[in-house]
Structure formats: structure tokens, C-alpha cells
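Working notes for the structure below.
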2 protein chains.
Amino acid sequence: MDNTEKPTTPELADSTEQRIFDAAHQVFVQKGLDGAKMQEIADHAGINKALLHYYFRTKEKLFEMVAKAVINRAFPAVQQLIEADMPLEQKIERFVDFYIDLISRNPFVPLFIIGEINKHPDQFFEKIIPAAPPRPERFFRQVEEAVAEGRIRPISPRHLLVNVLSMCVFPIVARPMLRIVMGMSSQELNLFLKERKEEVKSFIFAALRP
Amino acid sequence: MDNTEKPTTPELADSTEQRIFDAAHQVFVQKGLDGAKMQEIADHAGINKALLHYYFRTKEKLFEMVAKAVINRAFPAVQQLIEADMPLEQKIERFVDFYIDLISRNPFVPLFIIGEINKHPDQFFEKIIPAAPPRPERFFRQVEEAVAEGRIRPISPRHLLVNVLSMCVFPIVARPMLRIVMGMSSQELNLFLKERKEEVKSFIFAALRP
DNA sequence: AAAAAATTTAACCAGATGGTTAAATCGGCG
DNA sequence: CGCCGATTTAACCATCTGGTTAAATTTTTT
């Protein structure tokens with residue numbers, strides 16, 4: 001039914017504090033800062049407003065913690081895989097599989113990040129986003145090498161990465177829009193999204209043929 | 001500075017009513033139903049709250065009108081091009097150019113549609129979305145024909161369309177996220193997005209080679 | 001200039017929401 | 001049992017926000 005991931009900070013596992021945090025995580029990610037109500041978070045955690053404010057003083061602080069957790073969970077995972085020590089072709093394959101799985105389990109996360117930055121750019125870049133993240137330099141070099149060796153068709157490494165990301169993330173995030181544009185039922189869409197992993201991989205490798 | 005499009009209902013052009021509607025359009029699309037405040041819309045239109053409520057009774061009604069305008073402006077344009085009477089290859093080329101332009105001028109629109117459906121699915125599908133939109137059957141047939149003739153590599157028409165859509169829309173919509181993932185400055189991103197049209201087209205046609 | 005329409009001012013209301021507080025209650029534990 | 005921390009209850013407050021209203025003021029029309 002609800003197959004979205006919930007974060008776990010091991011030390012506090014199963015504690016009330018953790019239950020509240022998980023509830024906040026879910027509500028904030030789905031509805032955003034403005035759309036989320038403290039009462040709804042309390043309900044979702046199975047407690048009341050008083051206790052909610054007892055554990056987390058203010059909505060702002062709670063949101064800040066959740067937002068930090070979201071981005072600290074989302075980006076390092078990607079970074080790690082994209083910069084891993086692994087042949088380019090294999091890396092792309094694993095990346096597509098891994099990333100489609102990841103986004104399928106957390107379909108609201110990309111929307112949450114983009115939306116909140118759009119609505120409150122200042123706070124987000126000040127408080128939530130950490131130090132400058134390292135660029136995927138190794139991946140870029142791998143692509144350039146593969147091009148130089150003639151293993152793949154000449155292509156801009158950055159555009160390749162963005163193409164891969166786009167084809168993995170967008171269909172899952174834009175699910176409600178696809179339903180309209182493609183005129184598909186919810187069931188049809190489920191089947192369609194399951195085919196994506198193979199379809200995206202074959203599309204990419206076809207585009208990369210020399 | 002602000003290159004987002006504003007809708008124009010010709011009859012009322014330049015009227016106060018239109019100025020208010022345009023302001024509402026801009027604020028709602030950027031901040032969503034919950035994030036938008038009536039006072040902000042009034043400020044943006046250069047009037048006061050009383051007059052705002054004089055022209056548009058309630059926030060709900062105003063939002064409903066804006067949302068309808070957004071989707072009635074967004075989807076038919078796509079539908080028309082994708083179902084046009086035109087050779088497949090040419091159609092894809094024009095579609096990429098047209099769609100990247102369209103989204104660049106309205107970068108918040110896709111996010112708005114997806115986000116609002118996620119937050120208020122009931123209202124949106126009841127009141128905003130019109131009758132069942134026609135599927136892109138002709139496009140699908142064109143792809144199947146091209147495959148049968150061996151002009152392009154075998155591929156699922158629906159996945160092809162979603163791939164094209166993804167590569168056009170996602171990078172523009174996810175701009176704030178790309179900044180983080182790719183570690184690019186705002187200026188670098190502008191240059192990067194300008195290269196996209198050519199880059200996407202060549203990627204697609206490379207993937208379609210038999 | 002007079003009349004009519006558009007717009008502003010300023011006050012107000014009601015409901016929702018974030019947040020607080022003190023006392024009561026519950027639950028485990030020595 | 002009796003203590004102690006966790007949790008609930010219920011009342012309360014301040015603020016924000018959507019919405020209304022009547023009168024005053026400005027602008028447009030006649």
C-alpha cells in the first residue's frame with residue numbers, strides 16, 4: 001500500500017521521538033512546509049499536539065531537521081554510485097536500476113526538494129544545503145575516455161548524465177501528469193513504470209553506440 | 001528578468017480584472033494553493049484585498065480559474081504537435097525545440113500541476129481536468145510504422161515519447177536540484193540549458209538508429 | 001459640474017493554526 | 001504500593017489569513 005521509505009536514525013529507533021520524526025518526514029515530503037499541519041503530523045504519529053511540541057519545539061525546527069535528513073539521504077547515495085570505481089557501462093546499468101528503485105520508493109522526494117527551494121530559496125540554501133557537493137568528475141572523465149577510445153559515440157558527459165537522470169526520475173515524479181498526457185489508467189501506469197528499467201537502459205546504450 | 005509567460009484573455013486585456021488574474025496566475029503557479037496568500041496576489045496586482053475579493057469572490061474560485069487556464073494552455077499545445085500530420089523525424093525535431101522553449105518560458109508549470117494533484121487529488125480531477133484527453137495514437141502508429149520499415153531501431157512508442165518528454169522537461173524543472181547534483185553555478189546552468197535542444201535531438205536520433 | 005463607476009481605507013469577523021500551560025492520567029519499576 | 005517519567009486532556013493565547021462591510025475617495029463618464 002504505502003511503500004515509501006521512512007528514515008531511521010538507529011539510536012532512537014522505535015522511540016516516540018522517532019515515530020514523530022517519521023510522521024513529520026512523511027507529511028512534510030508529501031505536502032511541503034505550507035501544506036503540512038502540525039495536527040496532521042501528530043495524528044499520523046498517533047500522539048497529540050502537546051507532545052509533538054514537547055519533543056520538537058517549533059514547526060520550523062522540525063521541518064529543518066526533516067529537510068536536512070532528506071537531502072543527506074538523497075544526494076550522497078547518488079554521488080557514491082556515480083563516482084564509484086567501476087567500468088562506465090556497468091556503472092550506467094547499475095545506476096539506472098538503483099535510481100529507479102530509489103525514486104520508486106520515495107516518489108515525492110524530488111518534488112519536495114525542488115518545490116521547497118522554489119518557495120523558500122533563502123532558507124533552503126542557507127540552513128539546509130550543506131557545503132558545496134563534489135562534482136561527478138570521475139564519471140565525466142570516464143565518459144571522455146570512452147569517447148576518446150571510440151567505445152561510445154561522442155557526447156557531452158554532463159548532458160549524458162542529465163539525460164540518464166531525466167529518464168529515470170521524471171516518469172515516476174510526473175506520474176499524475178503522464179496519466180493525463182498519455183491517457184493511461186493507474187494500472188496501466190504501474191505496468192509501464194515496471195518496464196522502464198530495461199527500456200531506459202536499452203535506450204541509453206543504443207544512443208551511445210559509436 | 002522575469003521571462004515567464006502570462007496568459008492573455010484578449011477580451012479583457014489590460015483591464016484590472018486581467019491584471020489581477022495574471023498576478024494570481026503567477027503567484028499560484030510559483031507557490032501552489034497553500035503557499036499563495038491573497039494579500040500577496042493583491043500586492044502583485046498593485047491593488048488591495050478588498051478589490052481582489054470584489055472581482056474574484058474566493059480564493060478557491062480564483063485558484064480554480066487559474067488552474068483550468070494552466071492546463072488548458074499546457075496540454076492542447078502538446079497534443080496538437082504530437083498528433084500533427086508530419087513525418088516522424090521532423091515531428092520529433094520540432095517537438096523538442098517547441099517543448100524546451102515552452103517549458104523554459106513556464107518553468108514552474110509542470111511542478112505546479114504535479115504538486116497540486118499530489119496535494120489535492122480529489123478537487124483537481126473533479127473540477128480542473130476536462131474530459132478524457134485523446135491519446136497520442138497517431139504518434140504511436142508512426143513509430144510502429146517506422147520500426148516496421150526498419151527506419152528506426154525497435155522501440156516501444158510510449159517509452160520513446162516518455163523519454164523525449166523527460167529529457168526536455170526534467171532539466172528545466174529540476175534546475176535547483178541540478179545545481180546541487182552537478183555542482184554548477186546559475187550561470188553555468190543557463191549555458192548548459194541552452195545547449196540542450198541540440199544535445200537532446202542528437203541523443204534521440206542516435207538512440208533510434210537501426 | 002453632476003452622476004456613476006472604480007478603488008481605497010480601515011475596521012472588523014471567524015476560523016484555522018502554531019504554540020503554551022497546568023493539571024490529570026497512565027504505565028512501568030523499585 | 002508508591003514513585004517517576006511519559007502522555008493526555010483541555011483550556012487557552014496570539015497570529016495569520018480568508019473574507020466582509022460601509023464609508024470615503026478617486027477616476028471616469030455623461
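Letters A, B, ... mirror the listed sequences (proteins, then strands); counts begin at 1.
Between A/D97 and A/K201, at least one side-chain nitrogen of the basic residue sits less than 4.0 Å from a carboxylate oxygen of the acidic one, meeting the salt-bridge criterion. Ion pairing between a basic and an acidic side chain is recognised when a charged N comes within 4.0 Å of a carboxylate O; B/R135 and A/E188 show such pairing. Ion pairing of A/D101 with A/K197 is present here, as a side-chain N (NZ or NE/NH1/NH2) and a carboxylate O approach within less than 4.0 Å.
Side-chain polar atoms of B/R158 and B/N163 form no donor-acceptor pair below 3.5 angstrom.
Looking only at distances, no side-chain donor or acceptor of A/E126 sits under 3.5 Å from a matching main-chain atom of A/P121. With A/E116 contributing its side chain and A/L33 its backbone, the two residues share a donor-acceptor pair below 3.5 Å.
In this structure, B/R179 forms a cation-pi arrangement with A/F125, its terminal cationic atom sitting closer than 6.0 Å to the ring centre and no more than 45° off the ring axis.
For the side-chain hydrogen bond (donor to acceptor under 3.5 Å, both in side chains) condition, the pairs that include at least one residue of residues 47-65 of chain B, sequence neighbours left out, are B/E64-B/K68.
The side chain to side chain donor-acceptor pair (under 3.5 Å) search around A/E199 returns none, not counting sequence neighbours. With sequence neighbours excluded, the residues that form a side chain to side chain donor-acceptor pair (under 3.5 Å) with B/R175 are B/S186, B/N190.
Only B/A36, B/K37, B/M38, listed by number, bring a heavy atom of residues 35-43 of chain B to less than 4.0 angstrom from any atom of DNA chain D. Of the residues in residues 50-57 of chain A, those with a non-hydrogen atom less than 4.0 angstrom from any atom of DNA chain C are A/A50, A/H53, A/R57.
Across the protein-nucleic acid pair, B/I47 atom CD1 and D/dT27 atom P stand 16 Å apart, rounded to whole Å. Note: CG (A/D34) to P (D/dC16) measures 14 Å, nearest angstrom.
The outermost nucleotides of DNA chain C lying under 4.0 Å from heavy atoms of chain A, listed 5' to 3', are C/dT17 to C/dT21.
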